[in-house]
Amino acid sequence: MIGPSSSHTAGACRLGLLAAGILGERPRKAEILLHGSFAHTYKGHGTDRALIAGLMGWQPDDARIPDALRLAEEAGMEFSFTPGDLGSMAHPNSVQFRLTGAKGNACEIIGASIGGGQIMVTNVDGYPVELRGVLPALFVPHRDEPGVIALVSTILAQKMINIASMRVFREGKGETATMVIECDQPVPADVIRHLEELGPVKLVRFVDKVS
Amino acid sequence: MKKDKLSWARLVSEAEAKQLPLIDYLLERSAAQVETDKDAVLKKTESMLQVMEEAVAYGMTGVKSNSGLTGGSAKKLKEYITAAADKRSQDLLGPVAGTAVMYALAAAEANAAMGRIVAAPTAGASGILPGILLSLKENCGVPRKKLVEALLVAGVIGEVIANRASIAGATGGCQAECGSGAAMAAGAVVYVFGGNGKQIGDAVSIVFKNMLGLVCDPVAGLVEVPCIKRNAGSVMQCLLAAELALAGVGSFIPADEAIDAMDKVGRSLPGGLRETAEGGLAVTPTAKAWTENYFKKIHG
Ligand code: SF4
């Protein structure tokens, strides 16, 4: 990795990578809000450069990280950093991304660098989740009704995709729920299309693991 | 049944049960974990050693950190050692420890200057293992292959610590970062000189005995002061523990229990002493004055 901090540099880069993975493309525009320790020390730790490097798709050991701000600007990415407050419940090393991609995808992501370079995305577009980026994952908001989970897991089983972990986050009974499914294998595009065709499923995002 | 935590004692006894030399068993296990073969694991570990060597070389050029607070101490030490008229002064630490300290400073300074490093186990503690390993190479003629294996042993020790406790200063204080780095390196040294699994565990335990309670208090929250010198100090703890373990002195408290103790101590540290820069050296008058100035400069 590139120094100086596992949590504030390497973790930040991984957060950027995961955020870009959730968006599904390289962001064209990134509004970044930094919370807690991230807000205080981001310049000294190169947190800003590491976050942008991650959004550019670079790994935590990429020698371009110290230069990421300039290089991203040259590549046409628009970005801003604002120290802010994500509430008293937020982890001290938290960040909120508001991303827009070249293809027009937009996404709002909150995540934290939770120590030793490990990360956790806790919110995507207002849906509470837990995504760690250690395994390929599916993010599936759906209408909360009986049988949806069985339908989704059956399709994955038929394609020999093994589920490593699965959690469902629900706003309320019968409202929107979100499945976060970590898989041992990447999920191919045709499987994702198949899942998207299921009635109660609102959206399927495949998020690959980050290194 | 409650799930067993990963334990050093268990790994050692599993190797014995399989009648495999410890290193072969650890290698086999690491390969199985990532579904690859032993050669690939060794190759990956070797590339980490290479990054460590490059980090030390970069640090030895005397790089300054971004903030300007630190840098150049490894180079200064080198100049002092080479130029000293009174040769006895160089022997204060002796060649093995002296070189290890110098290289640990170098790698830690490379880290502070946004150089490429290997987290060992974290970026803050990334000087200890390179310092020790490269000193052994230079001063004891340890072949590269052995160093790669030693690095693998260190990695497994780090895995045990991360599994039972934490390796993050924000969770466990500096004992969890530099303490863990020194424990990993001590195990590596014992391995290099032919110590067995129990002796490696003893060295881990002795390091924690001497580093328990070390707080995390970085000035301005930057991984510079006191982090860089703590890497150097941790090198000394590492060598001390390794020497005692190799001599068969042993440790009354087993490694796994020492790690658990470190975890408990870490959790009971007040928040101000866990990376928040709200306690310890970070709030000394000198640190506060510098920090205020620095924040004015960067945030305008
Ligand atoms: S003082 Fe804190 S930041 Fe510095 S090396 Fe120790 S744990 Fe890491």
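Convention: sequence-line order gives letters A, B, ...; per-chain numbering from 1. Computed from a predicted model, the values in this text were never measured in an experiment. These numbers come from the heavy atoms of this one structure, side chains and all, not from hydrogens, waters or symmetry mates.
- Considering only heavy-atom pairs separated by less than 4.5 Å from chain B, the leading option among Gly115(A), Gly44(A), Gly116(A) is Gly44(A).
- Rounding to the nearest 0.5 Å gives a distance of 10.5 Å between CG of Asn66(B) and NE2 of His45(A).
- Using a 4.5 Å cut-off between heavy atoms, Glu224(B) does not touch chain A at all.
- Atom CD of Glu35(B) is surrounded by 12 or fewer heavy atoms from other residues, nucleotides or ligands within 6.0 Å.
- For chain B, no part of Ala10(A) is nearby; none of its heavy atoms comes within less than 4.5 Å.
- Using a 4.5 Å heavy-atom cutoff, the side chains of Ile167(B) and Gln118(A) are not in contact.
- Within 6.0 Å of CD in Glu292(B) there are 12 or fewer heavy atoms belonging to other residues, nucleotides or ligands.
- Residues of residues 69-88 of chain A never come closer than 4.5 Å to chain B when only heavy atoms are counted.
- With values rounded to the nearest 0.5 angstrom, Phe295(B) atom CZ is found 6.5 Å from Thr41(A) atom OG1.
- Near-neighbour residues of residues 111-127 of chain B relative to chain A, defined by a heavy atom under 4.5 Å from a heavy atom of that chain, comprise Asn111(B), Ala112(B), Met114(B), Gly115(B), Arg116(B), Ile117(B), Ala119(B), Thr122(B), Ala123(B), Gly124(B).
- Without hydrogens or angle criteria, His8(A) side chain to Leu222(B) main chain gives no donor-acceptor distance under 3.5 Å.
- Of the atoms belonging to Ser7(A), it is side-chain heavy atoms, and not backbone ones, that fall under 4.5 Å from chain B.
- Around atom NE2 of His91(A), more than 12 heavy atoms belonging to other residues, nucleotides or ligands sit under 6.0 Å away.
- Under a cut-off of 6.0 angstrom, the local environment of NZ in Lys159(A) is sparse, with at most 12 non-hydrogen atoms contributed by other residues, nucleotides or ligands.
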